[in-house]
Number of protein chains: 2
Amino acid sequence: MANPLVLFLSRRDDLSDDEIAAINALTSNTQDFEAGTSIIRQGERPQSSLLVTEGLAIRSHYLADGKRMISALHVPGDYVDLHSLLLDQIDHDVVALTACRVALTPHGELRRITERLPHLTRLLWLSTVIDAAMHRAWIVALGRMSPLNHMAHFLCEMYSRLEVVGLTEGYTFKLPITQIDLADMLGLSVVHVNRTLQELRATGSISWLGSTVSIKDWDALRALGQFDPAYLNLQKRPR
Amino acid sequence: MANPLVLFLSRRDDLSDDEIAAINALTSNTQDFEAGTSIIRQGERPQSSLLVTEGLAIRSHYLADGKRMISALHVPGDYVDLHSLLLDQIDHDVVALTACRVALTPHGELRRITERLPHLTRLLWLSTVIDAAMHRAWIVALGRMSPLNHMAHFLCEMYSRLEVVGLTEGYTFKLPITQIDLADMLGLSVVHVNRTLQELRATGSISWLGSTVSIKDWDALRALGQFDPAYLNLQKRPR
DNA sequence: CGCTTAGTTGACGTGGATCAAGTACTGTGG
DNA sequence: CCACAGTACTTGATCCACGTCAACTAAGCG
């Protein structure tokens with residue numbers, strides 16, 4: 001299988017052979033995590049950055065009263081932890097939602113990339129900037145969208161991101177997440193997530209059986225979620 | 001007055017003389033915007049990046065039904081638009097909340113920095129990564145905090161960020177924003193913002209008169225907002 | 001076959017939105 | 001100097017979307 005980071009980046013700009021070789025070298029050392037285990041804990045100062053190559057991972061934040069919020073869901077090809085190269089310490093947990101395979105890149109190697117390969121540096125930078133753009137989209141949805149619209153937006157985003165790394169078949173994809181996790185991503189109660197999902201299914205725009213999501217009416221779902229994929233930067237351009 | 005970007009970055013790492021000179025060159029070309037005017041509009045492809053040197057700017061997103069959400073508030077020293085170097089197009093408006101002075105850096109010059117000054121490149125990258133960390137803090141507050149706690153968190157963040165660029169006096173600072181704007185940052189109605197502010201003032205931890213905010217009990221406010229400044233990366237470290 | 005976890009449903013309560021009507025402040029023009 | 005218009009702030013009354021609580025069903029799984 002192709003390196004998912006190569007898929008992620010080459011969707012946004014052309015990669016030279018040197019750059020592809022460098023990416024493969026960065027992501028050669030992998031490690032597996034079982035579903036539910038922490039990959040990084042809040043407050044750590046990791047010496048390596050992590051790329052998800054298989055499985056789903058989340059960023060979890062815990063409040064004093066035990067409430068949890070999930071600020072991001074990461075799919076294969078996402079350099080979940082690239083920013084730890086620059087940050088003091090990580091302000092949240094990264095948890096394997098499903099069984100995950102993760103590639104570890106020592107920070108020293110990344111720093112060397114910034115010294116030798118400016119274009120690849122900019123592309124790695126781009127990947128963190130897309131992360132921020134996704135955060136903003138979530139902020140807007142959390143602050144001003146109804147649960148139904150938010151859910152639709154979320155599914156549109158997931159479809160678009162999974163499509164990039166070849167994890168969709170038509171409009172169908174695997175999304176093995178519980179309604180509990182979904183609640184903590186949308187800032188809702190589990191009960192309300194359940195009802196919202198029923199409402200969304202009732203519109204006929206999606207089906208969600210087990211862990212399989214099918215978008216049956218993309219245009220309707222897109223309209224409902226007011227989804228504009230521009231923020232995912234899916235165009236190939238010199239960067 | 002010192003270049004606010006120098007203040008912002010030198011709080012996080014040491015800058016060489018070369019780097020300071022480069023920063024000053026990057027931010028020498030300024031432009032003024034009146035309060036309420038758009039600095040960048042959604043969908044544009046700017047050829048320069050923007051640094052706020054004076055005033056406050058926001059990122060605004062508009063939904064189909066006219067609702068507005070503000071995903072970030074930017075203070076002097078913030079490279080609001082640095083990511084436009086890498087992005088296809090900007091997914092939101094940037095609006096001057098107060099009269100703003102802004103420095104414009106042509107993308108070509110920034111690209112040259114990535115080719116010549118890897119350490120400064122990493123620090124600029126850092127500034128976008130801190131942006132993302134602030135977004136995550138907002139996501140958590142939007143999703144799982146009560147309005148009162150959220151407001152407290154917001155004020156703690158503003159205090160901490162303004163302190164970095166020398167815009168506080170003791171625990172007092174200027175925050176010339178309306179409750180309307182505040183509502184769109186916290187995802188609340190104006191009426192509820194008003195009541196929440198009254199409640200917060202009643203705790204005795206802050207006063208807010210006109211555009212002047214005073215934190216009267218930092219520990220109380222911090223506890224209320226569960227504020228941990230770690231995500232702002234205020235430590236000086238080699239990066 | 002019992003145990004655990006996820007999903008579902010109904011009843012009920014409440015936090016925050018909405019609506020409507022004020023008041024206070026600022027700037028503008030006569 | 002006052003009249004006014006416009007904007008922000010404030011307050012009270014009402015409503016409903018969503019949370020909470022409590023029970024049940026369904027689906028693994030040892």
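Letters go in sequence order (proteins before strands), and every chain restarts at 1.
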Would you say B/Thr168's side chain and B/Leu162's backbone share a donor-acceptor pair under 3.5 angstrom? no

Identify whether any heavy atom of A/Gly36 sits under 4.0 Å from a base atom; if not, whether one sits that close to sugar-phosphate; answer base, sugar-phosphate or nothing. nothing

Does a side-chain heavy-atom distance below 4.5 Å link A/Leu221 with A/Leu200? yes

Distances under 3.5 Å between nitrogen or oxygen atoms of protein and nucleotides 7-12 of chain D:
residue: D/dC9; atom: OP2; partner: B/Gln179; partner atom: N; Å: 2.7
residue: D/dT10; atom: OP2; partner: B/Gln179; partner atom: NE2; Å: 2.8
residue: D/dT10; atom: OP2; partner: B/Asn194; partner atom: ND2; Å: 2.7
residue: D/dT10; atom: O5'; partner: B/Asn194; partner atom: ND2; Å: 3.2
residue: D/dT11; atom: OP2; partner: B/Gln198; partner atom: OE1; Å: 2.8
residue: D/dT11; atom: OP2; partner: B/Gln198; partner atom: NE2; Å: 2.7
residue: D/dG12; atom: N7; partner: B/Arg195; partner atom: NH2; Å: 2.4

Over the length of the helix from C/dC1-D/dG30 to C/dG30-D/dC1, how much do the five-pair end axes diverge, rounded to 10 degrees? 30°

With rounding to the nearest 0.5 Å, note down the distance linking NE2 in A/His61 to CE in A/Met69. 8.5 Å

Could you tell me which residues satisfy ring-ring contact (aromatic ring centres under 6.0 Å, His included) with A/Tyr171, sequence neighbours excluded, listed by chain and number? A/Tyr159, A/Trp218

Okay, side chain of B/Thr98, backbone of B/Leu56: is any donor-acceptor separation there less than 3.5 Å? yes

For A/Ala103, does its backbone N or O pair with a side-chain atom of A/Thr53 as donor and acceptor, under 3.5 Å? no

In residues 137-159 of chain B, what residues come within less than 4.0 Å of DNA chain C, judged by heavy atoms? B/Pro147

If only atom types and distance count, is the side chain of B/Arg222 paired as donor or acceptor with the main-chain N or O of B/Cys156 below 3.5 Å? no

Does the Lys NZ or Arg CZ of A/Arg12 fall within the cation-pi geometry relative to A/Phe8 - under 6.0 Å from the ring centre and within 45° of the axis? yes

If you apply the rule side-chain contact (heavy atoms from CB on, under 4.5 Å), what do you find for A/His74 with A/Leu97, and how did you get there? CA-CA 9 Å; A/His74 284 287; A/Leu97 205 57; over 6 Å; no

Under the salt bridge (charged side-chain N to carboxylate O under 4.0 Å, His left out) rule, what do A/Asp184 and B/Arg144 come out as? Steps first, then yes or no, please. CA-CA 8 Å; A/Asp184 287 339; B/Arg144 288 291 184 239; 2.6 Å; yes

Which residue is it: B/Asp91, B/Asp93, B/Asp131? I am looking for the one with a salt bridge (Lys or Arg N to Asp or Glu O under 4.0 Å) to B/Arg59. B/Asp131

For nucleotides 25-30 of chain D, list the nitrogen or oxygen atoms of the protein found under 3.5 Å from its nitrogen or oxygen atoms, one pair per line.
none

What's the CG-P distance between A/Leu186 and D/dA17, to the nearest Å? 18 Å

Carboxylate-amine/guanidinium contact A/Asp181 A/Arg68, below 4.0 Å: yes

With a 3.5 Å distance limit and no angle check, can you tell me whether A/Arg195 reaches the backbone of A/Val191 through a side-chain donor-acceptor pair? no

Side-chain (B/Gln226) to main-chain (A/Ala64) donor-acceptor, under 3.5 angstrom: yes

Distance in Å, B/Met134 CE paired with B/Ser71 OG, rounded so as to fall on 0.5 Å steps: 10.5 Å

Leading and trailing nucleotides of DNA chain C with any atom under 4.0 Å from heavy atoms of chain B: C/dG16 to C/dC19

